[in-house]
Amino acid sequence: MNTDILIIGSGIAALQLANKLDSQYNVTIITKGKMNDSNSYLAQGGIAAAIDQSDDVLSHAFDTLKAGEYYNLPSVVKHITKMAPTIVKQLIDQGMTFDQIDNQLILGKEGAHEHRRIVHAGGDATGKYMTESLTNQLSEQVKVYENSFVCELLTDHTKQQCCGAVFIDSSGKSRTIKATYTVLATGGCGSLYKFTSNHPIALGDGVVLAHQVGAKVSDLEFIQFHPTLLYSNNHTYGLISEAVRGEGAVLVNQNGLPIMKNIHPLKDLAPRHIVAQTIYNHRLIGDEIYLSIKQLNQFQNRFPSISQLCTKYGINLHDGLIPVTPGAHFMIGGVETDIKGETNVRNLYCIGEVANTRLHGANRLASNSLLEGLVMGVELASHLNKQPKTPIPERIATRSQLKAPILPNLKLLQKSMMENVGIIRKREELANQLNWLHSTIQSNQQTNINIENFNKYVAYKMAYLITQAALKRHDSLGCHQMAEHETSINTTESREYVEQV
């Protein structure tokens, strides 16, 4: 099989790219599940954009840098926040409907944002509405393989450039697809952890595939834990959007005491890593944590998806208390790229959550993720639309046999990652985890590859890369907090920093 552009994944970034590519290209999408099996589809919040008269791009950029502990790349922050209003306008022009009152966009507020600037759809179902809208816009030139998983990227015989992929289709057949340009848009890796907001297929496939062909990966130690997942009987059942706190909900313990009162000036709307760490510390001393929605009017109308989720799992909303706990939510690091997704491997691109543009720094600002994927989709399409149709190399390197090691089940890995590479980390636990992962992966027992053992291999390999990165970073920064090296939270940075940038 041959194609001009191969896109692996089907989230917001992938769909945006596919829709922006010129009709001259043959485009193929391969996705591990159905088209809507993605973290993008599950996204509740929305898109951050400075479109209100009282807001400005500079403020959005400053909030992004501050939440990211100034580990961000300022030029990327500047570009993406500047693009945000245009992206929202383009989506509306393409037929996307965001929530409005009297023909005015309703703007939500989320953690670490100075202004109300979050556009949303369906109350708390922005991802669903947006992915469905973009999927419906796909042209006939885009060929889609669902329930198929890429198990290897192809390179030329010199391993200097990417030339496509090997994938297993829905019938279990191994197929080779050669491509002039290959794009990884595979999302994150939250399902490596016991508690997560992510779709079960989010195991870090893209990072592992890119790493195998020599792509640079970085900042994998920064795994963002969302503070508020619905929690019951030691299980999590989905996300309780940060927008709920933006509308006035408060985190309290079993005695009704607000837990964020003296922690941060923004209290319940502090950056996510700070709120998650506070909840984690309270749970260590035996506290149960709830999101009090008693002061919110029309909660079920504003948050219909969350209301249905709570009802499904037996939470009585009339009590005004939703039990919550933190869970793995977003992969801050990933494959190193520029704003258009270009990696150090020729003709291999990464966009969306799998890419590390350094927009997010050490902790992602709420509702910047969909924005990043949309901007990168536009930027990469603009780049590829200008490229010549170069021939695919005749000599391509592949493995002679597709095998995977026999590994323990994913529940064992998820439990160990939550305990040892979670919200607060200890060097000894990280070292023990790394040794265990290394010995487990190096098992000599091999078997023919299928979706189950491939998922296990990717998960264990990705867990190894994250743990290795966490062990190498000695200081506490953003999402990466070491128990032995706790740092104080600096809330005094000046807006002048952004103005100078």
Apply side chain to side chain donor-acceptor pair (under 3.5 Å) to residues Asn450 and Asn453 and explain how you reach the verdict.
CA-CA 6 Å; Asn450 58 35; Asn453 58 41; 3.2 Å; yes
Let me see the working for Ser305 and Asp124 under side chain to side chain donor-acceptor pair (under 3.5 Å), right down to the final yes or no.
CA-CA 6 Å; Ser305 299; Asp124 54 3; 3.0 Å; yes
What verdict does the side chain to side chain donor-acceptor pair (under 3.5 Å) test give for Ser369 and Glu353, after you've listed the backbone C-alpha separation in whole Å, the side-chain angles of each residue and the deciding distance to 0.1 Å?
CA-CA 7 Å; Ser369 56; Glu353 190 172 352; over 6 Å; no
Going through the checks in order, is the side chain to side chain donor-acceptor pair (under 3.5 Å) test met by Gln433 and Thr467?
CA-CA 7 Å; Gln433 180 78 351; Thr467 307; 4.9 Å; no
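Judged by distance alone, with hydrogens and angles left aside, the side-chain atoms of Thr228 form no donor-acceptor pair with the main-chain N or O of Val324 at under 3.5 Å. Judged by distance alone, with hydrogens and angles left aside, the side-chain atoms of Glu379 form no donor-acceptor pair with the main-chain N or O of Ile339 at under 3.5 Å. Remark: the backbone N or O of Ile12 is paired with a side-chain donor or acceptor of Ser40 at under 3.5 angstrom. Of the possible donor and acceptor atoms, none in the side chain of Ser191 sits under 3.5 Å from a partner among the backbone N and O of Leu203. Judged purely by atom type and a 3.5 angstrom limit, Thr447 has no side-chain atom pairing as donor or acceptor with the backbone of Ile406. In this structure, the side chain of Glu146 engages the main chain of Met35 through a donor-acceptor pair within 3.5 Å. Distance alone, capped at 3.5 Å, is enough to place a donor-acceptor pair between the Gln44 side chain and the Leu239 backbone.
With contacts defined as side-chain heavy-atom distances shorter than 4.5 Å, the pair Ile423/Pro326 qualifies. The shortest distance between side-chain heavy atoms of Thr135 and Leu15 falls below 4.5 Å.
Taking the ring centre of Tyr145 as origin, the terminal cationic atom of Arg175 falls outside the region bounded by 6.0 Å and 45° from the ring axis. Geometrically, Arg473 engages Tyr71 in a cation-pi contact defined by less than 6.0 Å to the ring centre and at most 45° from the axis.
Atom CD of Gln468 is separated from atom CG of Leu434 by 6.0 Å, given to the nearest 0.5 angstrom.
Taking the six-membered ring for Trp and thresholds of 30 and 60 degrees, His383 and Tyr349 have ring planes inclined between 30 and 60 degrees apart.
Applying side-chain contact (heavy atoms from CB on, under 4.5 Å) to Met376 and the options Leu359, Thr337, Leu17 leaves one that passes, Thr337. Between Asn368 and the choices His113, His360, His60, the side-chain hydrogen bond (donor to acceptor under 3.5 Å, both in side chains) rule is met once, by His60.
Evaluation of the ring pair (Phe, Tyr, Trp, His ring centres under 6.0 Å) rule for His329 yields His226 as partners, not counting sequence neighbours.
Taking 4.0 Å as the cut-off between side-chain N and carboxylate O, Arg117 and Asp63 count as a salt-bridged pair.
Ring-centre distance between Tyr41 and His199: not below the 6.0 Å cut-off.
Defined by atom type and a distance below 3.5 Å, a donor-acceptor pair is missing between the side-chain atoms of Lys32 and Asn147.
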